[in-house]
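In what follows, residues are counted from 1 in the order of the sequence shown.
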Amino acid sequence: MNLTYPLWLPLSNAKTYIVATLFIAGNILFPMLFHAVPNGGHIFLPIFFFTLIGAFHYGLYVGLFTALCSPLLSHILVGMPAMHILPIIIAKSLILAVCASIAARYFQKITVPIIALVVVVSQIFGFFAEWAIAQNITLAFNDLRMGVPGMLLQILGGYFLIRFLNRE
């Protein structure tokens, strides 16, 4: 399915801020469902879900706003993510937004392999960012390993939601 460009919303467009606000709200509310499960945040990576959607479908600015504001506001409002992992979550979120927006611009279509590529590449860069921030390769590797179900959720759920949004 081909995306119709220009889909990227400019900074001067009010829709950029409205859409980003909706995705930020999604990134705050969606994780609440998964935190009822022990280690649900680490396993399902729900705070990244709408960052992927926003950046891939609406572009870099929506992705970056969502990536930065979601963890900050979630921490302020509900205390999650915890302060000691907040820089790691923000770094991984920003990496995902950049990877998703670049892939959307480059490929100009949505397929499961493209979304998988985005998720895998962002997780690899996120691994190195976490290692650099936490100074602990074991922690970074364990987070990567635990997050496999969340990566699958991002790939499949992201693909179907972006396809749905592309019909608007």
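- Legend: ring-ring contact (aromatic ring centres under 6.0 Å, His included) pairs involving residues 59-98, not counting sequence neighbours, sorted by first then second residue: Tyr17-Phe65.
- In this structure a side-chain-to-backbone donor-acceptor pair under 3.5 Å is missing from Asn39 to His42.
- With rounding to the nearest 0.5 angstrom, the CD1 atom of Ile24 is 4.0 Å from the SG atom of Cys69.
- Under the ring-ring contact (aromatic ring centres under 6.0 Å, His included) criterion, no residue pair touches residues 125-144, with sequence neighbours excluded.
- By the 4.5 Å heavy-atom criterion applied to side chains, Leu153 and Leu45 are not counted as neighbours.
- Proximity of a side-chain donor or acceptor of Asn27 to a complementary backbone N or O of Ser70 within less than 3.5 Å is not detected.
- Grouped with Ile88 in one hydrophobic cluster are Ile133, the linkage being side-chain heavy-atom contacts under 4.5 Å among Ile, Leu, Val, Met, Phe, Trp and Tyr residues.
- Taken to the nearest 0.5 Å, the OG atom of Ser122 stands 9.5 Å off from the CG atom of Leu117.
- With a 4.5 Å cut-off on side-chain heavy atoms, Leu68 and Leu64 do not count as touching.
- Taking CG of Asp143 as the reference point, atom CD1 of Ile89 lies at 7.5 Å (rounded to 0.5 Å).
- The two atoms that bring Ala129 and Ile95 nearest to each other are CB-CD1, 3.8 Å, heavy atoms only.
- Counting heavy atoms from C-beta on, the side chains of Val98 and Ile102 come closer than 4.5 Å.
- Side chains of Phe23 and Thr51 form no contact here, defined as non-hydrogen atoms less than 4.5 Å apart.
- Atoms CZ and CD1, from Phe160 and Ile110 in turn, are 10.0 Å apart once rounded to the nearest 0.5 Å.
- Panel note: side chain Ser74, backbone Met80; a donor-acceptor pair is recorded below 3.5 Å.
- Two residues are said to be in side-chain contact when any heavy atoms from C-beta on lie closer than 4.5 Å; Pro71 and Ile47 meet this criterion.
- Taking the side chain as every heavy atom from C-beta outward, Leu161 and Phe50 approach each other to under 4.5 Å.
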